[in-house]
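Let me begin by presenting the structure, written as structure tokens, before commenting on it.
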Amino acid sequence: MATELDAVIIGAGFSGMYQLLCLRDRLGLQARVLEQGGGVGGTWYWNRYPGARCDSESHSYNYTFSKELLAEWQWSERYPEQPEIMRYMNYVADKFDLKRDIQFDTKVTGAHYDARANRWEVETAAGERFIARFLITAVGCLSTANVPKIPGLESFKGEWYHTGQWPHDGVDFSGKRVGQIGTGSTGIQAVPVIAEQAAHLTVFQRTANYSVPAHNAPLTAEFQSWLKDNRDEVTAVMRSTPNGHPFRISERKVFDVSDAEREQIFEEAWGYGGLQFRGAFQDVLVNKSANDKAADFIKRKIRTIVQDPEKARILSDIDHPYAAKRPPIDTFYFEAFNRPNVDVVYLREEPLERVTPSGIKTAKREIPLDIIVFATGFDAMTGPLLALDIKGRDGVALKDVWAAGPRNYLGLQVAGFPNLFTITGPGSPSVLCNMPVCIEQHVEWITDCIGMMREKGLSRIETTEAEMDKWVAHVNEAAHATLLPQASHSWYLGANVPGKPRVFMPYAGGMVRYREICAEVVAQDYKGFVLAD
Ligand code: NAP
């Protein structure tokens, strides 16, 4: 027996929870969230690795739809740590009584569109079936772990973990020889914490990375009181900046100032720390010569912090423009390499050959290990969607439609898949924006759309091939107006997963422009969509 609903939402992270609230409490729909995990939190439910913390400042890493919620919740530190984010998500879920419509420990294994009935049929690993008019994916962009296929891993006698599938009761590193592969945002957060606990840590670096100090600290009573008085202004700034963060990007350009002034500005930005470093000048992400100045500043900082010249050389040997890959921020990452128990192995100079029963073998040596940590990232953006085995009209599979890379309209809809909405899908600003900001916009847009359909007695919405072509071209154009595609090994391009098509996936035109485009689409009677009774 299938359960009949108006809408099935897949995933109970930031997007799925708010989508449930909107459909159930604002539109009065029968909606249910199916969630693979045992609790709310989405990506944060799984990412419990050492040092897991959000890079968005905490006062901007929350919903803004409820003034009451904003007034009630107080973050404790400048950047929220994973357990505190989980407490927040649970607080929201309880406050709005969401859990009664979230089915946990429920893995979706298939979702097929029945054109005759104009319904989606959703199946779970336990064999349950759900039938609904609308299907909304809220599966996150970075939720499918990428464990590289390294020969010999199955022979390893020690323990190994991927950061995105971290054991809930933690990992005891004490007295252990640990090897960590990966130096992205995750690896950079994990290194200093593992280094403090382990007997020895070897960091296997393939691509050196920039990082700026986070300068995390408890939020003071003074800040909390300022925030209380300025909350509306903070929200307004978040909604008016291209990346959804609560700071404005400077209007000055890198070459508007003298060398000495520029150095001073970078020093101040470094001293303030965090993602705001990118905002010190407006042209760092669009002008390579301007970017070189920021890159050079950070490389010099790395060489100043890291005392061992050989480690400093390896860690500062960065081959891409600053922030062309998602720029990490850290808490004593480079400093960790000054510890006697931390080494770095440069895989570009001694490629990783295999995992052996007792460690990792590179082209030059074998390093004995008790634990291997894979901080190797995710099959980003498309991975979580394709894992759902979504089939649209005539049984056409999404994985076939996207064989050469994701194609959709506004990041929200795919032709041939009526009434399916993908929150923060490829082609939307998503990962280039402070996530709660773009999630709220998407969810509210989808809610308004479904509300309009019900009011007008419409039962089907679907975009067209032509509209997808135009949107994909616009997404490409927006990416190529920046330096982002120049990091050829970035997950933005799918380059971190062997065999994945190289297509720049997120929309780089900025959240403000995207919001305007979505509003124009509505103003022009859902231009680009075909609506039917
Ligand atoms: P990532 O940025 O994709 O980094 C993965 C790392 O693993 C890279 O250094 C990569 O090297 C390396 N790697 C992958 N496969 C490898 C292989 N076969 N051999 C050797 N090295 C390999 O992944 P991530 O650090 O998990 O971050 C993903 C995204 O999650 C971030 O960019 C960010 O958007 C988000 N995130 C956010 C936060 C936060 O807000 N605090 C924290 C963590 C993550 P290459 O560069 O050479 O491919």
Side-chain angles (χ1 to χ4, degrees), residues 14 43-44 46-58 60-61 77-82 84-85 140-151 153 162-166 179-191 193 202-212 214 216 243 245 274-275 315 317-320 323-331 333 344-348 350-355 360 362 372-381 383-384 424 430-436 484 487-500 505-506:
F14 265 97
T43 302
W44 292 106
W46 303 101
N47 278 267
R48 294 164 189 253
Y49 60 87
R53 191 183 284 283
C54 185
D55 289 350
S56 296
E57 301 211 22
S58 56
S60 67
Y61 200 70
E77 293 178 279
R78 179 169 171 190
Y79 307 92
E81 208 181 1
Q82 185 271 348
E84 193 170 21
I85 299 174
C141 301
L142 297 157
S143 48
T144 304
N146 167 44
V147 180
K149 291 184 179 52
I150 300 176
L153 181 57
H162 185 281
T163 50
Q165 296 169 336
W166 203 255
Q180 178 183 301
I181 304 176
T183 52
S185 300
T186 301
I188 281 175
Q189 286 186 327
V191 161
V193 184
T202 307
V203 178
F204 293 86
Q205 171 193 284
R206 187 164 67 183
T207 304
N209 215 339
Y210 300 96
S211 185
V212 170
N216 185 42
N243 54 29
H245 287 290
L275 293 173
L315 290 162
D317 186 26
I318 310 174
D319 66 352
H320 51 277
K325 293 175 92 167
R326 159 71 153 73
I329 63 173
D330 70 274
T331 301
Y333 172 65
V344 57
V345 169
Y346 197 6
L347 297 177
R348 295 211 176 168
E350 48 175 310
L352 198 163
E353 286 187 345
R354 59 184 296 108
V355 176
I360 285 183
T362 69
I372 301 174
V373 173
F374 286 95
T376 45
F378 303 89
D379 181 355
M381 308 206 75
T424 64
S430 55
V431 291
L432 298 180
C433 180
N434 179 24
M435 288 306 284
L484 295 176
S488 57
H489 35 66
S490 128
W491 60 259
Y492 292 156
L493 279 158
N496 62 324
V497 177
K500 189 165 169 167
M505 293 183 287

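Indexing begins at 1, ligand by ligand and atom by atom, following the structure's order. Starting from 1, each residue takes its place in the sequence as its number. Because only heavy atoms are used, hydrogens play no part in the values below, and waters and symmetry mates are left out as well, while side chains stay in.
- With a 4.0 Å cut-off on non-hydrogen atoms, Ala375 touches ligand 1 through its backbone and not its side chain.
- Geometrically, ligand 1 and Thr163 share no nitrogen or oxygen pair separated by less than 3.5 Å.
- Considering only heavy atoms from C-beta on, Leu142 stays 4.5 Å or farther from Asn47 through its side chain.
- Looking at Arg348 and Asp319, a side-chain N of the basic residue comes within less than 4.0 Å of a carboxylate O on the acidic one, giving a salt bridge.
- In this structure, Leu153 and Phe374 have side chains that are in contact, with non-hydrogen atoms separated by less than 4.5 Å.
- Contact analysis leaves Tyr492 out of contact with ligand 1, as no non-hydrogen atom separation drops below 4.0 angstrom.
- Nearest-heavy-atom check against atom 26 (O) of ligand 1 across Ile181, Thr186, Asn47, Asp319 picks out Thr186.
- Of all the listed residues (Arg326, Gln189, Met435), Arg326 holds the heavy atom that lies closest to atom 33 (C) of ligand 1.
- Of the N or O atoms in Ser185, one or more lie within a sub-3.5 Å distance of an N or O in ligand 1.
- Of the protein's non-hydrogen atoms, Trp491 CD1, 3.3 Å is the one closest to atom 3 (O) of ligand 1.
- Distances shorter than 4.0 angstrom occur between a heavy atom of Leu347 and an atom of ligand 1.
- At the shortest separation from atom 12 (C) of ligand 1 among protein heavy atoms lies Gly182 CA, 3.7 Å.
- Scored by the ring pair (Phe, Tyr, Trp, His ring centres under 6.0 Å) test, Tyr79 finds no partners at all (sequence neighbours excluded).
- The closest protein non-hydrogen atom to atom 40 (O) of ligand 1 is Asp55 N, 2.9 Å.
- Nearest protein neighbour of atom 8 (C) of ligand 1, counting heavy atoms only, is Thr183 N, 3.9 Å.
- Heavy-atom contacts of Cys54 reach the following atoms of ligand 1: 39 (C), 40 (O), 41 (N) (cutoff under 4.0 Å).
- Within the structure, ligand 1 has Leu142 among the residues with a heavy atom less than 4.0 angstrom away.
- The protein non-hydrogen atom at the shortest distance from atom 10 (C) of ligand 1 is Arg206 NH2, 4.3 Å.
- Using modelled atom types and a 3.5 Å distance limit, the side chains of Tyr333 and Asn209 yield no donor-acceptor pair.
- Proximity of Tyr49 to ligand 1, defined as any heavy-atom pair under 4.0 Å, is confined to the side chain (atoms from C-beta onward).
- Taking 4.0 Å as the cut-off, Lys325 counts as a neighbour of ligand 1 on heavy-atom distance.
- Protein heavy atom closest to atom 41 (N) of ligand 1, with residue, atom name and distance, is Arg53 O, 2.3 Å.
- Remark: side-chain polar atoms of Lys500 are not paired, donor with acceptor, to backbone N or O of Trp491 under 3.5 angstrom.
- Backbone and side-chain nitrogen or oxygen atoms of Thr207 are examined, and one is located within less than 3.5 angstrom of a nitrogen or oxygen of ligand 1.
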